[in-house]
Each structure stands twice: as C-alpha cells, then as structure tokens.
Amino acid sequence: MRWVKKEEVEKQLGEILQLMEQIETKMDDVIDNVVKETCAHQQAHIQKMEKQLDAVEQKMDEKEAQRFVPSKLHFV
C-alpha cells in the first residue's frame, strides 16, 4: 500500500513540475510581449516628441530670421 502511494505521489509531483514549466514558459512569453509593446509605445512617443521638437525649432528659426538685427561686424 505504501509503495502505491509513493508512486502516485511521484507521478503527481512529475505532473506538477510539468505544469510549473508550462507556466514559466507562458509567463516568459507574456513578459516578452509586454516588454516589446512597451518599447514600441515608447518609440512611437519619442518619434512624436521629435516631430514636435523639430516644429518648435523650425518656428524659432523663422522668428529669428525675421528679427535679424545687423551688427556692426557686417559693416566692417
């Protein structure tokens, strides 16, 4: 009777280990997907901010060109 229980327990432990391995694999996939999504979202946000920065720089350049003040060096 005791041997049957031991074999049964070993079998259940084996099944538990298999399930734990499957869970670990799935968790690795989930974590990998979350990291990829986060990186993609951050990259899109960075690109959007770069476009906004370019637009601001362009406006500043335009305003600076309109406010050109000749210096004495240009006349020398």
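In this chain, numbering begins with 1 at the start of the sequence shown.
The CD atom of Glu50 sits 11.0 Å away from atom CD of Gln52, with the distance rounded to the nearest 0.5 Å. Note that the CD atom of Gln42 and the OG1 atom of Thr38 stand 6.5 Å from one another [nearest 0.5 Å]. Annotation: the span from Glu7 atom CD to Glu10 atom CD amounts to 7.0 Å, rounded to 0.5 Å. Rounding to the nearest 0.5 angstrom, the gap separating the CD atom in Gln22 from the OG1 atom in Thr25 is 7.5 Å. The CD1 atom of Ile46 sits 10.5 Å away from the NE2 atom of His41 when rounded to the nearest 0.5 Å. Here Ile31 contributes atom CD1 and Glu24 contributes atom CD; the two are 9.5 Å apart, rounded to the nearest 0.5 Å.
The side-chain heavy atoms of Asp54 and Glu57, taken from C-beta on, include a pair separated by under 4.5 Å.
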| query | Could you go step by step and tell me if Gln47 and Gln43 meet the side chain to side chain contact (heavy atoms under 4.5 Å, CB included) rule? | reply | CA-CA 6 Å; Gln47 289 175 351; Gln43 187 65 32; 3.8 Å; yes
